A.B. asks: 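Mind having a look at this structure? Questions to follow.
Being a predicted model, the structure only gives us computed values, none of them experimental.
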Amino acid sequence: MTAVKVGLAQINMTVGDLRANAAKVAETARWAENNHVDILLTPELTLTGYPAEDLLLRPEFISRQLQVLDQLCRDLARHRGLHVVVGYVHEQDGALYNAAAVLSGGRVIARYLKHELPDYGVFDEKRYFAAGGEPVVFAVNGVKFGLNICEDAWFAASPALAAENGAQVLLVLNASPYSVAKQAERLEQVGRNVHGLPTVYLNKVGGQDELVFDGASFVLDAQGVVVQRLPVFEEALGIVGFDDQGRPEPLYPLNSPAWPDMHAQVYQALTLALRDYLGKSGFSSVVLGLSGGIDSALVLAVAVDAIGAQNVRCVMMPSRYTADISQIDARRMADGLNVRYDEIGIAGLASAFELALAHQFAGLEPDTTEENIQARVRGTLLMALSNKFGSLVISTGNKSELATGYCTLYGDMVGGFALLKDVPKTLVYELSRWRNRQSPVIPERIIERPPSAELRPDQTDQDSLPPYDVLDAIIELYVDKNASIKAIEAAGFERDVVAQVVRLIRINEYKRRQGAIGPKITARAFGRDWRYPITNGFRE
């Protein structure tokens, strides 16, 4: 027989929008009351949003957040019998804590301060927070619930403290960002460390700058078996019941569908990341350069799925090296998706630059300088359209190109959001094929053609780079896994090829540092995850 109903609020907050975040909690509390929920669990740092970064260093931000928490506590008093667990920043003795408050009857009846503060990868919590160390256990209808916050449940000590203090069920608030295979890692880590406690793992959802949160909340029984799960990459509400022994029973939704495969999830992650970056930044439309190549084709498909064709504009900017089939395929894709499509030829503009520089370049052979002029002309045109019409430019470079510098600073790197920044070229192809299996939107010839920047006659990417399957494997080992050159060679890659790729990664740090942000997808993304000095003398 159900003794306690726990509601899971897998919600999407906006960093810094304190009142809106509190209003979302209040709205969810009304749902909880209508469904006779006893405990409503919200994500980590619900009120501030996550990560709030250096907003946390501003005293006014912290004081306003505490005022909002006090008001929320009073507002929730009308929901008699409902306990709402809210993530917030607690201030005590001059220190800040990543905290969870249990609100009931118009007051805070319990307060938990996060024990384990992650300081690796994309996380910087020791920069802002002090660590707590005490357990918190509270009882509702005779069942005892312990609290943990995110990283606490990745180690054994904090769940053990809760169990030692009588907890029958563990409630875990999370703001755990997505990367490929992260859900399996969470299940394995949390299941191993919760000391036989049935566990409610509630994760936030939504895009925040370089991070995208997938939700994928779940409930484990005492044996670590998943008894309930919520969807990925969308807001969702759930209810799980617990009997007087703390045994869980799903109440809503009754059926928990399996999470989708990797390609579906990455595509959903990109879609959500773009939609939220635009919406939370105040943009309603995008513009992108459509080249007839695979990268811009995938970006166009994601953009249309994210915000609708009516909000997407694409521009083909042919040069004298642009193949006819590139223009044909670009126009065909734009027509198929019913987006605005314009063509602006750049041959004359590029020639004007070359003519202006003719005296300075006299006697010198054409090289990448002339290629980069074309890319920068295109970048200038896109930014002009952005300025005039208020649309955000989406850049189309992928992780493989950014790793090796196969991109032009102030050219194809211009834009406000680099959608494919953490998507390797091989995965670009896989996602394009996956998207076409849902409904064909990318012309097959775009997928089948050898990739080319089309900045000189008969150019292909493999004139300058190793085959992408080789390149991406080396990048994964060196960037994502921190493997040494010797280890990569031992994995079967040619020494000269490894040396070439590592050199390109090293010398192109200055480009990446100036590029637009983009969503983290892989185990290690360029950006928050990757902090290398631009000037350094170390060589492997």
A.B. asks: Quick one: does K280's side chain have a donor or acceptor within less than 3.5 Å of a partner on G207's backbone?
C.D. replies: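 Yes, K280 side chain to G207 backbone: donor-acceptor pair under 3.5 Å.
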A.B. asks: Backbone N or O of C407 within a donor-acceptor pair of the D412 side chain at under 3.5 Å?
C.D. replies: no
A.B. asks: Quick check: closest heavy atoms across L274 and A306, and the distance to 0.1 Å?
C.D. replies: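 L274 and A306 have their closest heavy atoms at CD2-CB, 4.2 Å.
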A.B. asks: Below 4.0 angstrom, N of the basic side chain to O of the carboxylate: do D54 and R127 qualify?
C.D. replies: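 Counted as a salt bridge, because a side-chain N and a carboxylate O are separated by less than 4.0 Å.
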A.B. asks: Sequence neighbours excluded, which residues qualify as salt bridge (charged side-chain N to carboxylate O under 4.0 Å, His left out) partners of R247?
C.D. replies: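 Applying salt bridge (charged side-chain N to carboxylate O under 4.0 Å, His left out) to R247 gives D243.
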A.B. asks: Any idea which heavy atoms bring F145 and A167 closest together, and the distance?
C.D. replies: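 Scanning both residues, the minimum pair turns out to be C-CB, 4.4 Å.
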A.B. asks: Mind telling me whether W530 and Y532 have parallel, tilted or perpendicular rings, with 30° and 60° as the class edges?
C.D. replies: parallel
A.B. asks: Taking all atoms of both residues into account, what is the closest heavy-atom pair of I521 and D422, and its distance?
C.D. replies: N-OD2, 2.6 Å
A.B. asks: Between R531 and D124, is there a salt bridge with N-O shorter than 4.0 Å?
C.D. replies: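 So D124 pairs with R531 through a salt bridge.
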A.B. asks: Do we see a donor-acceptor contact under 3.5 Å between the side chains of Q265 and D214?
C.D. replies: no
A.B. asks: Quick check: are there more than 12 heavy atoms from other residues, nucleotides or ligands sitting under 6.0 Å from CZ of R275?
C.D. replies: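 Counting neighbours around CZ of R275, more than 12 heavy atoms of other residues, nucleotides or ligands fall under 6.0 Å, so yes.
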A.B. asks: Would you please say whether a donor-acceptor pair under 3.5 Å links the side chains of S176 and R186?
C.D. replies: yes
A.B. asks: Hey, mind stepping through V102 and L147 against side-chain contact (heavy atoms from CB on, under 4.5 Å) and telling me if it holds?
C.D. replies: CA-CA 10 Å; V102 183; L147 289 178; 3.8 Å; yes
A.B. asks: Is the side chain of R435 donor-acceptor paired with the backbone N or O of S439 at a distance under 3.5 Å, no angle test?
C.D. replies: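 Yes, because the side chain of R435 sits within donor-acceptor range (under 3.5 Å) of the backbone of S439.
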A.B. asks: Going by atom types alone, do N398 and Y468 pair a side-chain donor with an acceptor below 3.5 Å?
C.D. replies: no
A.B. asks: I'd like to check the ring pair (Phe, Tyr, Trp, His ring centres under 6.0 Å) partners of Y267; sequence neighbours left out, ordered by chain and number.
C.D. replies: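 In terms of ring pair (Phe, Tyr, Trp, His ring centres under 6.0 Å), with neighbours along the sequence ignored, Y267 is linked to W434.
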A.B. asks: Could you tell me whether the side chain of S395 and the main chain of G415 form a donor-acceptor pair under 3.5 Å?
C.D. replies: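 Judged by distance alone, no pair lies under 3.5 Å.
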A.B. asks: Taking everything shown except R111 itself, do over 12 heavy atoms lie less than 6.0 Å from its CZ?
C.D. replies: yes
A.B. asks: Are D472 and K399 within salt-bridge range, i.e. N to O under 4.0 Å?
C.D. replies: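 Salt bridge: no.
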A.B. asks: Please find the pair of heavy atoms, one from F213 and one from P51, that lie closest to each other, and give the distance.
C.D. replies: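 Distance-wise, the nearest heavy atoms are CZ-CD, 4.4 Å.
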A.B. asks: Does Q10 use its side chain to pair, donor to acceptor, with the backbone of E234 at less than 3.5 Å?
C.D. replies: yes
A.B. asks: Could you report the tightest heavy-atom contact between V339 and C314, atom names first, then the distance?
C.D. replies: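 Nearest pair, atom of V339 first, then C314: CG2-SG, 3.7 Å.
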A.B. asks: Look only at the side chain of D221 and the backbone of P198, and say whether a donor-acceptor pair between them is shorter than 3.5 Å.
C.D. replies: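 No.
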A.B. asks: Can you list the residues that meet the ring pair (Phe, Tyr, Trp, His ring centres under 6.0 Å) rule with H90, with sequence neighbours excluded?
C.D. replies: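 Partners of H90 by the ring pair (Phe, Tyr, Trp, His ring centres under 6.0 Å) criterion, ordered by chain and then number, come out as Y88.
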A.B. asks: Would you sort out whether F233 and Y178 count as a ring pair (Phe, Tyr, Trp, His ring centres under 6.0 Å), showing the intermediate values?
C.D. replies: CA-CA 9 Å; F233 302 109; Y178 172 77; 5.1 Å; yes
A.B. asks: Just by distance, do the side chain of T2 and the backbone of V4 share a donor-acceptor pair under 3.5 Å?
C.D. replies: no
A.B. asks: Tell me whether S386 contacts the main-chain N or O of S391 through its side chain, where contact means a donor paired with an acceptor under 3.5 Å.
C.D. replies: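 Present.
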A.B. asks: Is there a donor-acceptor pair under 3.5 Å between the side chain of T396 and the backbone N or O of S296?
C.D. replies: no
A.B. asks: Kindly state each residue pair satisfying side-chain hydrogen bond (donor to acceptor under 3.5 Å, both in side chains) with at least one member in residues 14-32, sequence neighbours excluded.
C.D. replies: K24-E235
A.B. asks: Checking D276 side chain against G206 main chain: does a donor-acceptor pair fall under 3.5 Å?
C.D. replies: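 No: the side chain of D276 does not pair with the backbone of G206.
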A.B. asks: What verdict does the side-chain contact (heavy atoms from CB on, under 4.5 Å) test give for H79 and L40, after you've listed the backbone C-alpha separation in whole Å, the side-chain angles of each residue and the deciding distance to 0.1 Å?
C.D. replies: CA-CA 11 Å; H79 304 298; L40 177 64; over 6 Å; no
A.B. asks: Evaluate the side-chain proximity of D209 to V15: yes if any heavy-atom separation is below 4.5 Å, no if none is.
C.D. replies: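 Heavy-atom side-chain distance check fails, nothing below 4.5 Å.
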A.B. asks: Can you pull the side-chain hydrogen bond (donor to acceptor under 3.5 Å, both in side chains) pairs that have at least one residue in residues 44-53, sequence neighbours excluded?
C.D. replies: T42-T46, E44-N98, E44-K114, Y50-E125, E53-R528
A.B. asks: Take atom CG of N338 as the centre, draw a 6.0 Å sphere, and report whether it contains more than 12 heavy atoms from other residues, nucleotides or ligands.
C.D. replies: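 Incorrect, the count does not exceed 12.
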A.B. asks: For atom OH of Y252, decide whether the heavy atoms of other residues, nucleotides or ligands shown that lie under 6.0 angstrom number more than 12.
C.D. replies: no
A.B. asks: Taking only residues two or more places apart in sequence, or in another chain, which ones meet K520 in a salt bridge (charged side-chain N to carboxylate O under 4.0 Å, His left out)?
C.D. replies: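 Partners of K520 by the salt bridge (charged side-chain N to carboxylate O under 4.0 Å, His left out) criterion, ordered by chain and then number, come out as D529.
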A.B. asks: Is the number of heavy atoms from other residues, nucleotides or ligands within 6.0 Å of CZ (R513) greater than 12?
C.D. replies: yes
A.B. asks: For L8 versus V219, what's the shortest heavy-atom pair and its separation?
C.D. replies: CD2-CG2, 4.2 Å
